[in-house]
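Data block below; observations after.
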Amino acid sequence: MEKWEIVIIGGGIAGVTFGYLAQKEGFKTLLLEKKGKLLDSASGVAGAFLFPKVGLDTPYTRFINQGILEGLEFWEKLGVGVEKSGVLILPRDEKDRVKFAKYRTQITLPFEEREGGFFFPDGGVVSVEGVRKVMERELNWQGKEEATQLEETPQGWIINGKYLANKVILAEGAEGNFLPQYLQIYPVWGERIGLKTDFSPPYHLHKQVSISTNRNGIVKIGATHKRNCFQCKENWEEVEELLEKARKIAPITGEVVDIKGGFRASSRDYWAVVGEVIDLKRSLEFDPQLLKGQPPRKGVIYRKNLYILNGMGARGFSNSVITGKYLLQLIKGQISPDPHLSPLRHFIRYVRKFYPKG
Ligand SMILES: Cc1cc2nc3c(=O)[nH]c(=O)nc-3n(C[C@H](O)[C@H](O)[C@H](O)COP(=O)(O)OP(=O)(O)OC[C@H]3O[C@@H](n4cnc5c(N)ncnc54)[C@H](O)[C@@H]3O)c2cc1C
């Protein structure tokens, strides 16, 4: 049996970023990916735009924008290829314009007002190919290895009967085998395109859709969001939708040379879900208070050393560094769980909704 300190299940942006950070901290880490290469699901189709969030100064806005700063710095240092030319974020309509006026005093990142919107120097696009190249070289990883069995033993977690791990990280994205039911992570379809064009903006643009700067004659435009579209495939209607929205930003013409689509793993409230997995059955037995639809009095029972790293939604590239660092600190016992990221709040909501009040 191969012995590892950490085994990560899933080689999307969440899994590879955490894997890299953990390996650098000295953990003996193995990543298992069911496909033949890394970043081949949602992460492989992403526009990989790292654009700040414009909004009220809430914990969520702060988390996203801190993630953008840490992400840009990390990917630049790693040399994966980052187009950090800044981004101009424009209001989508009159209503949005009014909101933008309120947001002006709430923004905590450096910005300047331009063309009716906000220009952020901290806006960039990461090269997915670049990330894949570095991660495939740097990580201990096993492709074409789907984790189908996960067994808890006194020695540790056994995966597929052949890997023994002290800790397991479930970074399976939208299509996982081990997604705890109570997390209610659901797939949201999205499409983005590559357009061969002469259009060459000085910085990235965003208004409903994002447009990248021109790289080798191509700009990326993304993305659509389709909930409850479980059978969705790449289609021309969404290409038209993207082009129409892009033309509301600038008179852009060209030839569509690339259409990519995939499923984002979304949580109910957009926050990523990171932390130790809760044992539903044992927790309900341990603290019957939960069955009354109330927060636990005695606490919940965790599946020790089994962690979830998921629910990245539309911002996996923006969030992967901040969530990866957070998970590492959590594992090392350096911090307590952040209630926004912890699976606990999903667990309580799920029990309240789906279990009879006693
Ligand atoms: C069209 C589109 C555009 C997007 N644009 C952006 C953007 O501009 N900026 C941004 O930040 N985000 C963007 N996103 C969102 C981003 O792509 C996702 O948030 C991110 O890819 C999620 O990463 P992940 O690692 O959680 O999941 P995934 O990328 O889905 O990775 C999960 C991996 O786990 C593997 N796996 C699953 N189960 C198992 C198992 N049991 N055993 C082994 N392997 C397993 C899968 O094969 C997969 O490779 C976009 C998404 C889409 C669809």
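When a ligand or atom number is given, it counts from 1 through the structure's own listing order. Please read all numbers here as calculations on a predicted model, not as lab measurements. All values below were derived from every heavy atom in this structure, side-chain atoms included, with hydrogens, water molecules and symmetry-related copies excluded.
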Sub-4.0 Å atoms of ligand 1 with respect to non-hydrogen atoms of Glu172: 32 (C), 34 (O), 37 (C), 38 (N), 39 (C), 40 (C), 41 (N)
Whether Gly261 lies under 4.0 Å from ligand 1, heavy atom: no
Winner among Phe317, Trp189, Phe49 once heavy atoms are compared against atom 8 (O) of ligand 1: Phe49
Protein heavy atom at shortest distance from atom 44 (N) of ligand 1: Lys34 N, 3.1 Å
Side-chain cluster (under 4.5 Å, hydrophobic types only) that Val257 belongs to, other residues: Ile218
Pair Glu241-Thr224, side-chain donor/acceptor within less than 3.5 Å: no
Within the 6.0 Å centroid threshold, strictly below: His206 and Phe49: no
Within-cut-off N or O pair, Gly47 and ligand 1, under 3.5 Å: yes
Atom indices of ligand 1 within 4.0 angstrom of Gly262 heavy atoms, with elements: 53 (C)
Ligand 1 versus Ser43: contacting region, heavy-atom distance under 4.0 Å: both
Donor-acceptor pair between Glu145 and Tyr163 side chains, under 3.5 angstrom: yes
Sub-4.0 Å heavy-atom approach of Gly11 to ligand 1: yes
Leu164 CG to Glu2 CD distance, which is reported to the nearest 0.5 Å: 10.5 Å
Short N or O distance, Phe178 and ligand 1, threshold 3.5 Å exclusive: no
Heavy-atom proximity to atom 49 (O) of ligand 1, best of Glu33, Lys35, Lys260: Glu33
Proximity to ligand 1 by part of Ala171, non-hydrogen separation under 4.0 Å: backbone
Location of contacts on Ser210 toward ligand 1, heavy atoms closer than 4.0 Å: neither
Nitrogen or oxygen of Gly190 less than 3.5 angstrom from that of ligand 1: no
Residue portion contacting ligand 1 (non-hydrogen atoms closer than 4.0 Å) for Ile9: side chain
Phe118 and Phe111 aromatic ring geometry - parallel, tilted or perpendicular at 30°/60° bounds: perpendicular
Any N or O of Glu191 closer than 3.5 Å to N or O of ligand 1: no
Proximal ligand 1 atoms for Asn177, defined as those under 4.0 Å from one of its heavy atoms: 41 (N)
Minimum heavy-atom distance between Ala165 and Val7, given as atom pair plus value: CB-CG2, 3.6 Å
Which atom pairs, donor and acceptor, lie under 3.5 Å between side-chain atoms of residues 67-75 and protein residues at least two apart or in another chain?
residue: Glu70; atom: OE1; partner: Lys325; partner atom: NZ; Å: 3.1
residue: Glu70; atom: OE2; partner: Gln66; partner atom: NE2; Å: 2.8
residue: Glu73; atom: OE2; partner: Lys77; partner atom: NZ; Å: 3.2

Side-chain donor-acceptor contact under 3.5 Å, Tyr186 with Arg227: yes
Check: Gly316 N/O within less than 3.5 Å of ligand 1 N/O: yes
Contacting atoms of ligand 1, where contact means under 4.0 angstrom from a heavy atom of Leu32: 43 (C), 44 (N)
Test item, Gly313 contacting ligand 1 (heavy atom, 4.0 angstrom): yes
Arg114 CZ: over 12 foreign heavy atoms closer than 6.0 Å: yes
Ala48, portion touching ligand 1 at heavy-atom distance under 4.0 Å: backbone
Closest heavy-atom pair and its distance - Arg345, Trp271: NH2-CB, 3.4 Å
Residue Arg315 vicinity, atoms of ligand 1 by number, heavy atom under 4.0 Å: 10 (C), 11 (O), 12 (N)
Side chain to side chain, Leu328 and Phe18, heavy atoms closer than 4.5 Å: yes
